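Throughout, a chain's letter reflects where its sequence line sits, starting with A, and its residues are numbered from 1. Bear in mind that the values here come from a model prediction, so they are computed numbers and not experimental data. Note that these values count all heavy atoms, side chains included, but never hydrogens, waters or copies made by symmetry.
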Amino acid sequence: MPVINEVCREISSIPLEKLSEIYVDEGKKRQEELDLPDLPKAVRGEVVTRFAPNPNSALHLGSSRAAILSHDYAKKYGGRFIVRFEDTDPRLKRSDMKFYSMVKEDLKWLGCEWDEIYMQSERMEIYYRFAEDAIKKGLAYVTECDSQRFRSLVLKSMPCPDRDLLPEEQLERWNKMLSGGYREGQAVVRIKTDLEHPNPAVRDWPALRIIDPERYSHPIAGKKYRVWPLYNWASAVDDHLMGITHIIRGQEHFVNMIRQGYVYEAFGWAYPQAVHYGKLMIEGGSLSKSDIERGIKEGKFSGYDDPRLATLIALRRRGIEPEAIRKMIHEMGINTNTATVSLDILYALNRKIIDGVSNRYFGVFGELHRLNLEGIPGQLTVSLPRHPSDPSRPKRIINVNSGGVVIEDRDYSGNLGKEVRLIGLGNFKLLDGGARFVNNDLNYAKGLPHIHWVSENQSIDISVLMDDATELRGKTESGITYEAQGSHVQFEREFFAKIEVIRPDSVYAVYTSR
RNA sequence: GCUCCGGUGGUGUAGACCGGUUAAGCAUGACGGCCUUUCGAGCCGUAGAUCGCGGGUUCAAAUCCCGCCCGGAGCACCA
């Protein structure tokens, strides 16, 4: 009992604000731990993960899964997080300078700061060196079989004849590749695996190929190289060299783990723990890079930040906070089943974050009706809270004169002839083109529809870019111009939006969610 | 066609490896109520899954075994 008393006394001696701080901190900490289940074979301080995007497009919700999970797991265990641009295909999946920086921006925004960053196009000599080594050791060979021929042979578990050439001859061919003795497609380095492997896709996979630099130059390397590593080669070498302990990626890479396993075994390296998550689909939308790229090229989308896209840059523009994305991704975890998520979940998570910071305004959209206010003193000044649960914010002061207010058609047509509460103003009877003051009794207002309005002589134009890329026009309080660009607001009874452009006489915003 | 990986309420996920007091937890969504001068937030409550289907093993299966169906991925000199 004395102990209890003592603890009680101690707690009650802490000021309330301090107490809530402690409480929140504890809650947060617990939340974090709850969020991420343990990674297999993770040792504190020794976890190294990587996120390996191809800089040929912008990051989207799907890519954010690998990024967030890789980053957060590294941090959870006090390890390192590496970003590695996989830009080794100047032909089919060309990288573009603008995406290197765009991806970095996206990652920073997501809160996935990296400890190290690399570009594979700057590591070419490394891939060459290991290739030469593999060839010398007889683990890889240079084949002149074209892909068709190779395919038909390998399907029957048969080798290309040059698989068994001596390492010296292979080396000669390798040098011929490097020096330009072959044209595109005439030779390729393959890794010896197991021609009997049940999955033909695993059998003797290609590691390096020739790309004519005169026809396909690289945004960073230019025309310097004509032999480029394929994904599995560059990735296998890098993961080993960079000391990656855990690879978190989509299940489409499952066979790549098996393929690369042959290299690791042959070189005597230890393959990292690979965790694969299932396909993430989005209700009613596409998460495919190629769909996004094509849509933009065809002009179907206005750009990477088109509000219909699930790119990070579009979500950011719309007012989705990175923490909402993070929470959603954490909730899905790394399980391997195929998930079709609804954006509503993201919106719900996001609303909880932005609700507190969003100042409230009245905005009326679509078809509008002007109401003459009858029965009010010549001029009315009302003050409305900027946020219902934070009275400390400066009030919105709005003047209304007999010139009247503007309301939306849905509120007008639905209530014509009835009494309504014009929020903050009073109770009125809605008439044709006007409104007659009844009283200003809040109790009386309880049973009435509450509708919002904009003062005609204190309003500015607003345009909202909606999530279907249409524009919604209307009027809003002129006081909104004091908002900072990029701030979240809520138009009461309408939706949340992010302010994009503020001019003295108009506002441009982007719709976030209801 | 071949090779993988999945299949728990509308959606996402926990439980499955070590089968039994959880005949299914959480979140989001839906519905209802309270509060609120927002159809937001918050609080309270309700509905919703016989755990893809069929069989087997067992005293006992979402959990183990087999078959089937469905979904996804891979089968590129893409990443």
*Asks:* So does D38(A) pair up with K76(A), basic N to acidic O under 4.0 Å?
*Replies:*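 A salt bridge is present here (some side-chain N lies under 4.0 Å from a carboxylate O).
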*Asks:* Between the side chains of D239(A) and Y264(A), does any donor sit under 3.5 Å from an acceptor?
*Replies:*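 No - no donor-acceptor pair under 3.5 Å links their side chains.
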*Asks:* Taking atom P of A76(B) as reference, at what distance in whole Å does atom CZ of R151(A) sit?
*Replies:*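 From R151(A) CZ to A76(B) P: 5 Å.
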*Asks:* Would you tell me if any nitrogen or oxygen in the side chain of R209(A) comes within less than 4.0 Å of OP1 or OP2 on C78(B)?
*Replies:*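 Checking R209(A) against C78(B): at least one side-chain N or O falls below 4.0 Å of OP1 or OP2.
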*Asks:* Decide side chain to side chain donor-acceptor pair (under 3.5 Å) for Y216(A) and E184(A); before the verdict, give the C-alpha distance in whole Å, the side-chain angles of both, and the deciding distance to 0.1 Å.
*Replies:* CA-CA 11 Å; Y216(A) 306 101; E184(A) 267 186 28; 5.1 Å; no
*Asks:* Are OP1 or OP2 of A79(B) and a side-chain N or O of T88(A) less than 4.0 angstrom apart?
*Replies:*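 Yes, such a contact exists.
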*Asks:* Aromatic contact between Y304(A) and F99(A), with the criterion being ring centroids under 6.0 Å apart: yes or no?
*Replies:*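 Centroid distance Y304(A)-F99(A): below 6.0 Å, so yes.
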*Asks:* When you check the gap from the basic side-chain N to the acidic O, do R50(A) and D238(A) get nearer than 4.0 Å?
*Replies:*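 Salt bridge absent between R50(A) and D238(A).
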*Asks:* Less than 6.0 angstrom separating the ring centers of F491(A) and H452(A), yes or no?
*Replies:*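 For F491(A) and H452(A), the ring centres are not under 6.0 Å apart.
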*Asks:* Any side-chain N or O of R259(A) under 4.0 Å from OP1/OP2 of A79(B)?
*Replies:*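 Checking R259(A) against A79(B): no side-chain N or O falls below 4.0 Å of OP1 or OP2.
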*Asks:* Taking atom P in both G52(B) and A27(B), what distance in whole Å separates the two?
*Replies:*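 That atom pair is separated by 23 Å.
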*Asks:* Can you list, in residue-number order, the parts of residues 195-203 of chain A that come under 4.0 Å of RNA chain B, counting heavy atoms only?
*Replies:*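 P198(A), N199(A), A201(A), in order of number.
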